[in-house]
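Below is one structure, written out as structure tokens; the observations come after it.
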Amino acid sequence: MSKVSKRQRAYREALSGLGAVSVSEAVDALKGLESKLPKGVEPSKSDQSVELAVRLGVDPKHADQIVRGSIVLPHGIGKSQRVLVFCKDQNVEKALAAGADHAGGKELADKIVGGWLDFDVAIATPDMMGVVGPLGRVLGPRGLMPSPKAGTVTQDVATAVKEYKAGKVEFRVDDAGNVHCLVGKLSFDSNQLVENIDALLKLIEQLKPQASKGVYMRSVTVSATQTPGVQVSPTQMAG
């Protein structure tokens, strides 16, 4: 069992007994943790990422209950994503002009087969799926495989690149029925984080599968990279 640091212990104590709160109260609690550290405990030196975790009442084993999507959050996610585009001919110039970090065809696929993975998002034009398809075993488990449902298989590479550079994020329910998604950084203003979280919750609610029965959003938790999670009250969830 890993040893709990003094800072982690202080975080837990500060959040203990908080219970389920509103989104804005959860954000304020996370942002206020550093100021509540006891004397002698160093604050985190990093600008921690903030993540939303939502437990859904779905069974991902059934294709008609898989919840997935993408969204350009109102205030981005606080980091620049490295974008790779599988394309050819004039689309290479369009992708690079839009801000893509890498654009090309088989030569990029060969690099990936060789172990190169220096990118955060992969986009592909439909005519490149013959090249991209065989990379599924490498890209799929890492959540990097281009997909029409996520909007990463598209002919409009310029728009796709600009959206991901602006902070577009993808999410997909895991085998246990949970959705995890970045919603910003702790350095964001409270209102920016609240608006990002609200936008994501609203979209997840809109994506509720018709086959889902009973309570759809079963729990919502907000946390930062190094902090415990803060539970959001069911009455504060979207829908």
Side-chain angles (χ1 to χ4, degrees), residues 11 15 18 20-35 43-56 67-85 95 98-101 119-123 143-144 147 149-152 154 156-173 178-208 217 219-233 235-239:
Y11 284 163
L15 294 176
L18 185 61
V21 296
S22 68
V23 172
S24 60
E25 289 171 328
V27 167
D28 288 343
L30 288 179
K31 287 181 65 65
L33 284 175
E34 297 294 299
S35 64
S44 172
K45 293 182 173 62
S46 64
D47 184 7
Q48 299 180 50
S49 295
V50 179
E51 181 182 89
L52 187 72
V54 185
R55 185 166 65 89
L56 299 176
V67 177
R68 69 179 302 171
S70 58
I71 184 174
V72 180
L73 293 170
H75 304 286
I77 56 174
K79 74 172 187 176
S80 177
Q81 300 188 94
R82 300 166 297 172
V83 179
L84 176 150
V85 183
D101 299 272
F119 55 94
D120 304 301
V121 179
I123 296 167
L144 295 171
S147 161
K149 289 185 177 180
T152 44
T154 176
D156 189 357
V157 294
T159 297
V161 170
K162 289 175 182 177
E163 286 181 342
Y164 278 96
K165 281 294 185 178
K168 186 175 186 178
V169 290
E170 296 177 38
F171 58 87
R172 178 187 172 110
V173 66
N178 302 305
V179 167
H180 296 270
C181 191
L182 287 177
V183 290
K185 295 281 191 177
L186 267 184
S187 60
F188 280 22
D189 290 338
S190 293
N191 286 340
Q192 291 178 318
L193 283 171
V194 170
E195 288 175 10
N196 277 359
I197 292 168
D198 284 344
L200 181 58
L201 287 174
K202 183 177 180 180
L203 176 58
I204 293 173
E205 176 65 26
Q206 292 171 349
L207 293 172
K208 179 181 178 180
M217 286 193 181
S219 70
V220 173
T221 305
V222 183
S223 64
T225 306
Q226 299 173 25
T227 75
V230 179
Q231 188 172 353
V232 174
S233 169
T235 58
Q236 299 292 332
M237 298 181 199

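Treat the numbers as computed from the prediction; the structure is a model and nothing was measured.
The closest side-chain heavy-atom distance from Phe119 to Asp101 is not below 4.5 Å. Here the side chains of Glu34 and Leu186 are not in contact, with every heavy-atom distance at 4.5 Å or above. Proximity of Val27 to Val50: side-chain heavy atoms (C-beta onward) are nowhere separated by under 4.5 Å. No side-chain heavy atom of Val54 sits less than 4.5 Å from a side-chain heavy atom of Phe171. Counting heavy atoms from C-beta outward, Leu30 and Gln48 have side chains that stay 4.5 Å or more apart. Counting heavy atoms from C-beta outward, Val222 and Val23 have side chains that stay 4.5 Å or more apart. Considering only heavy atoms from C-beta on, Lys165 comes within 4.5 Å of Ser80 through its side chain.
In terms of modelled atom types and a separation under 3.5 Å, the side chain of Thr159 and the main chain of Asp156 share no donor-acceptor contact. Side-chain atoms of Ser35 come within 3.5 Å of backbone N or O of Gly32 as a donor-acceptor pair. Not a single donor-acceptor pair under 3.5 Å links the side chain of Lys208 to the backbone N or O of Met217. With hydrogens and angles ignored, the 3.5 Å screen pairs a side-chain donor or acceptor of Thr225 with a backbone N or O of Ser49. For Thr152 (side chain) and Ser147 (main-chain N/O), a donor-acceptor pair under 3.5 Å exists by modelled atom type.
The distance from the CD1 atom of Ile197 to the OG atom of Ser24 is 9.5 Å, given to the nearest 0.5 Å. Interatomic distance, CG of Leu193 versus CG of Asp198, reported as 11.0 Å (0.5 Å rounding). Within the model, atoms CG of Leu56 and CG of Asn178 stand 7.5 Å from one another, a figure rounded to the nearest 0.5 Å. Here the straight-line distance linking atom CD of Glu170 with atom CG of Leu144 works out to 8.5 Å at 0.5 Å rounding. In this structure, CD on Glu163 lies 11.0 Å from CD1 on Ile71, to the nearest 0.5 angstrom. In this structure, the separation between CG on Leu201 and CG on Asn196 is 11.0 Å, given to the nearest 0.5 Å.
When all heavy atoms of Ala150 and Ser70 are compared, the closest pair comes out as O-OG, 3.2 Å. Minimum interatomic distance between Val83 and Tyr164 (heavy atoms only, all atoms of both residues): CG2-CB, 4.0 Å. Residues Val161 and Ala100 come closest through the heavy atom pair CG1-N, 3.4 Å. Nearest heavy atoms, Ser46 versus Gln226: OG-NE2, 3.3 Å. Across Pro228 and Tyr11, no two heavy atoms sit closer than the pair CD-CB, 3.7 Å. The two atoms that bring Val232 and Ala26 nearest to each other are CG2-CB, 4.3 Å, heavy atoms only.
Evaluated for a side chain to side chain donor-acceptor pair (under 3.5 Å) with Asp120, the options Arg82, Gln81, Lys79 yield exactly one hit, Arg82.
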